[in-house]
Amino acid sequence: MTNVVIRRLIPGNANGLVYRLMPQARLFLRLITVPIYPNHASLQSSCFASASKPTSSADVKDADFFPLNKRISHLIRTGRIEQAREAFDKMKQRNIVTWNSMINGYVKRREMAKARKLFDEMPERDVVSWNLMISGYISCRGSRYVEEGRMLFDRMPVRDCVSWNTMISGYAKNGRMVEALKLFDSMPERSVVSWNAMVTGFLQNGDVVRAIEFFERIPQRDGASLSALVSGLIQNGELDEAARIVHECGKRDEGMEDLVHAYNTLIAGYGQRGRVGEARRLFDQIPYCHEMGKEDSRRFERNIVSWNSMIMCYVKTGNIVCARELFDQMIERDTFSWNTMISGYVHMSDMEEAANLFCRMPNPDTLSWNSMILGYAQLGRLKLAHDFFERMPQKSLVSWNSMIAGCEKNEDFIGAVKLFSQMQLEGEKPDRHTLSSVLSVSTGLVDLHLGMQIHQLVTKTVVADSPINNSLITMYSRCGAIKEAQTVFDEMKLQKDVISWNAMIGGYASHGFAAEALELFNLMKTLKVRPTYITFIAVLNACAHAGLVEEGRSQFKSMISEFGIEPRIEHYASLVDIIGRHGHLEEAKDLIISMPFKPDKAVWGALLGACRVHNNVKLAKVAAEALTSLEPESSAPYVLLYNMYADAGLWDEAAAVRSLMDENKITKHSAYSRVNSSHC
DNA sequence: GTAGGGTTAG
C-alpha cells in the first residue's frame, strides 16, 4: 500500500518494481536531512505563556508542598493509587499541582468518575486540570467520551497548545479526521505534537497519502514524528524500510529530539513479526544510563517504554524466560511492565505465576484484572474467573467480553446469556467481540430466537466484519434457517473468506442440500479460494447425505492430489459412511483397517449405521463391539445390534445382547439422560 | 501535574 502511495506522490513513476525502493529512498533522504529546530516545548511556552501560568493559590509557597506532591506523583507512576489517595487526603494544604496529580492518577486508570469528582471539588483549576480531564475522556473508548471531552474543551476559560493537541488526537484516535482537521486548522499556534497527532490519525485511518503529505510539512520533525511514520510503514508491511529510515536518522541526526520513540516503535514492530533477535539488537544499541533522573528528550537512551517494548517482544514470541529476565532487571516498573508480564504468563497458561505477579503488583488496574479473568476463563476455571470478575474495582467492556467468551468456550451457555443481559442492565454497550460470542452461544443452544435478536443488534450497532458474518452463517444454519444463512452469505460479497465458504457449504451439507453444497464448492474453486480440510469435511458430508459414491471418492482423492491436504480421521469417517451406505461394506471395513489412525467412534458409528441399512449382522457385531469398547456407557450400539438381531429373527443373539446390557448396567434411559444433561 | 511511542479479547 505504501508503495502505491509513494508512487502516486512521485510523478513520472510507471514501473512498480523499479520504484519499489527508489522513490522511498528519495522521499526519505529528504526527510532525514531536515535541520533540527529549537525544542518545541520552549516554542510552545512562549506562545501560551499566559494560559499555562498557575492561578493565585499556587503562589502559596509551592516548595512547601513540593516533597508531598512529588511523593503522590511517584506513587501514581508506580501504580499505587490508593496510597496516593491516602497521602492526598491527609494533606492539610493542597495546591493545584496536588489536585492535578491526584486527578492524573485516576485519569491514567480511566477511573473518570473519581477524576471528575475531584475536578468538580477543586477550589480552583488551571489549564492543566482541564487538559487532564479532557485527555482522560478522550482516552476512554467510544464517542460518548469524546463528546464529554469536547464539552470541557469548549467550556474551558483558557486553552493552551496541549488542550488543542489532546482534542485533536482524541478525534484522530476515534477515526474522526474531519473534526481533527478542523481543529488543527483553527489552532492559534501549532506544535510538532499537533502535526504528529495528525500523521498518526491519518495512518490509523488508512489515509497514507495524507499522512506522508503532512509528515513532509512538519516544520520541526522529531523522533515522535518519525515514530508515527514508522508505525504506519510497519502496519503496511514495510518493516525493513522503516528500520532503514530509523537507522539513517540515528546516524545523520545525532541528537534528534525523542529519537528513542522511533527506536521503541521499531522494537515493537520487530516483536509483532516475531523478529525478536533484531529487536534485541536494537534495544542493546540504545545507550542505557542507570540514573533515572529528569529525562532529557535530546539525550538518546533507553526509557521505560524501551524496556516494556522489549519485554513485549519476548512475551509475544512465547519467550517468557527472557521476558522475565529483563523484567527483573528493571529499575523502575510501571503498570505496563507488570501487565505485559502477567499477560505473558496467561498466554503460557501459567496461572500460578500470573497470580503470583498479580499479587505482588502494587496496584493492579483494570487490564491486570482482565488478564487474570481471561486466563482462568480460557482454562475452564470459570468459578475463579467469576470471583475475579466480581471483585474487580471497575469492570471494562473487555472484562465482560472475557467472561462471556470464557463461558461460551466452556459451554456454559446459560451463564453467558445471564452475563450478557446483566451487562446491558449495567449500561455497558456490547461490541463486535461480545456479539460474536453471544452468536456462538445461540449456536450452542440452537436458539434461533436469541440468534435473531443478536443479528438485529449487529445490524444496529456494529459494522459487521467477516468473523461476525461467519458466526451468523453458522448460527442460522445450525438453527435450521438455511435461507437466512444464505442471505448473510450472499450479502457478504467481497468480504467472504474461506471460513464463510466452509460455513455455507457445511450448512447446505448438513441440511441435505448436496447439489447446492457441491455447486458452491465448484464456485469457490473457480474464484480461486483455496479450500481447507474443513471444506472437504463439508463436501464429503454432502456426498454422504446424497449417496454420491463416485463423487465422494473422487473428492477424497482430489483433496490429496490437487490440494495437498492430508486426510484426517473425519474425512475417513465420511468416506466410510459414503461407501458403506452404498452397500460396499467390506470395502468400508478395509478402509478402516488401512487408514493411518486408530478408528474413533465416528468411524465405527458410520460402519454400524451402514450395516443397519444393509442388514449385515456379522459386520455390525464387529462395529458395535468396537464402539462399546470406546464408549462403554453408551447404549446406542447395543440397542442397534439388538434391533438388527430381532429383525433377522435371531432371538438367541438378541437375548444375549440384552443380558450383556444388564450385565454392564446399561439402560436405554441412561443414555438419554446423559445427552440431555450435557445441554443443561 | 497534561498532548505524539509500548499492554488485555474472536
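Note on naming: letters A, B, ... go to the chains in the order of the sequence lines (proteins, then strands), and numbering restarts at 1 for each one. The shown structure was predicted, so the numbers you read here are calculated from the model rather than taken from an experiment. Below, each value reflects all heavy atoms present in this structure, side chains not excepted, and no hydrogens, waters or symmetry copies.
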At under 4.0 Å between heavy atoms, what does A:D465 touch on the DNA or RNA strands: base, sugar-phosphate, or nothing?
-> base
Look at all strands and tell whether A:H74 reaches a base, only sugar-phosphate, or nothing, counting heavy atoms closer than 4.0 Å.
->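 Counting heavy atoms under 4.0 Å across all strands, no contact is made by A:H74.
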Looking at B:dT8, B:dG4, B:dT2, which one has an atom nearest to any side-chain atom of A:N196?
-> B:dG4
Proximity to the side chain of A:D222 - top-ranked nucleotide from B:dG10, B:dG4, B:dA9 =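 The listed nucleotide nearest to A:D222's side chain is B:dG4.
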Examine B:dG4: is either OP1 or OP2 under 4.0 Å from a nitrogen or oxygen in the side chain of A:K173? Give yes or no.
->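 Yes, A:K173 has a side-chain N/O under 4.0 Å of OP1/OP2 on B:dG4.
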Establish, with yes or no, whether the OP1 or OP2 oxygen of B:dT7 is under 4.0 angstrom from a side-chain nitrogen or oxygen of A:K316.
->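 Checking B:dT7 against A:K316, a side-chain N or O does come within under 4.0 Å of OP1 or OP2.
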Measure from NZ or CZ of [X] to the centre of the six-membered ring of [Y], then state whether that distance is under 6.0 Å and the direction lies within 45° of the axis.
{"X": "A:R150", "Y": "A:F153", "result": "no"}
{"X": "A:R302", "Y": "A:W307", "result": "yes"}
{"X": "A:R125", "Y": "A:W130", "result": "yes"}

What integer distance in Å separates A:M403:CE from B:dT8:P?
-> 20 Å
Mind running a 4.0 Å heavy-atom check of residues 333-342 of chain A against DNA chain B and sending the residues that fall below it, in number order?
->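 Heavy-atom cutoff 4.0 Å gives A:D334, A:F336, A:N339.
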For a quick test of your reading: what N or O donor-acceptor pairs under 3.5 Å do the side chains of residues 197-205 of chain A make, sequence neighbours left out?
unit_1 : atom_1 : unit_2 : atom_2 : d
A:T200 : OG1    : A:N196 : O      : 2.9
A:N205 : ND2    : A:A172 : O      : 3.3
A:N205 : ND2    : A:G201 : O      : 2.7

Would you please indicate yes or no on a ring centroid separation below 6.0 angstrom for A:W400 and A:F420?
->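 No: the rings miss the under 6.0 Å criterion.
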Give a yes or no on whether the ring-centroid distance for A:F119 and A:Y106 is below 6.0 angstrom.
->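 No: the rings miss the under 6.0 Å criterion.
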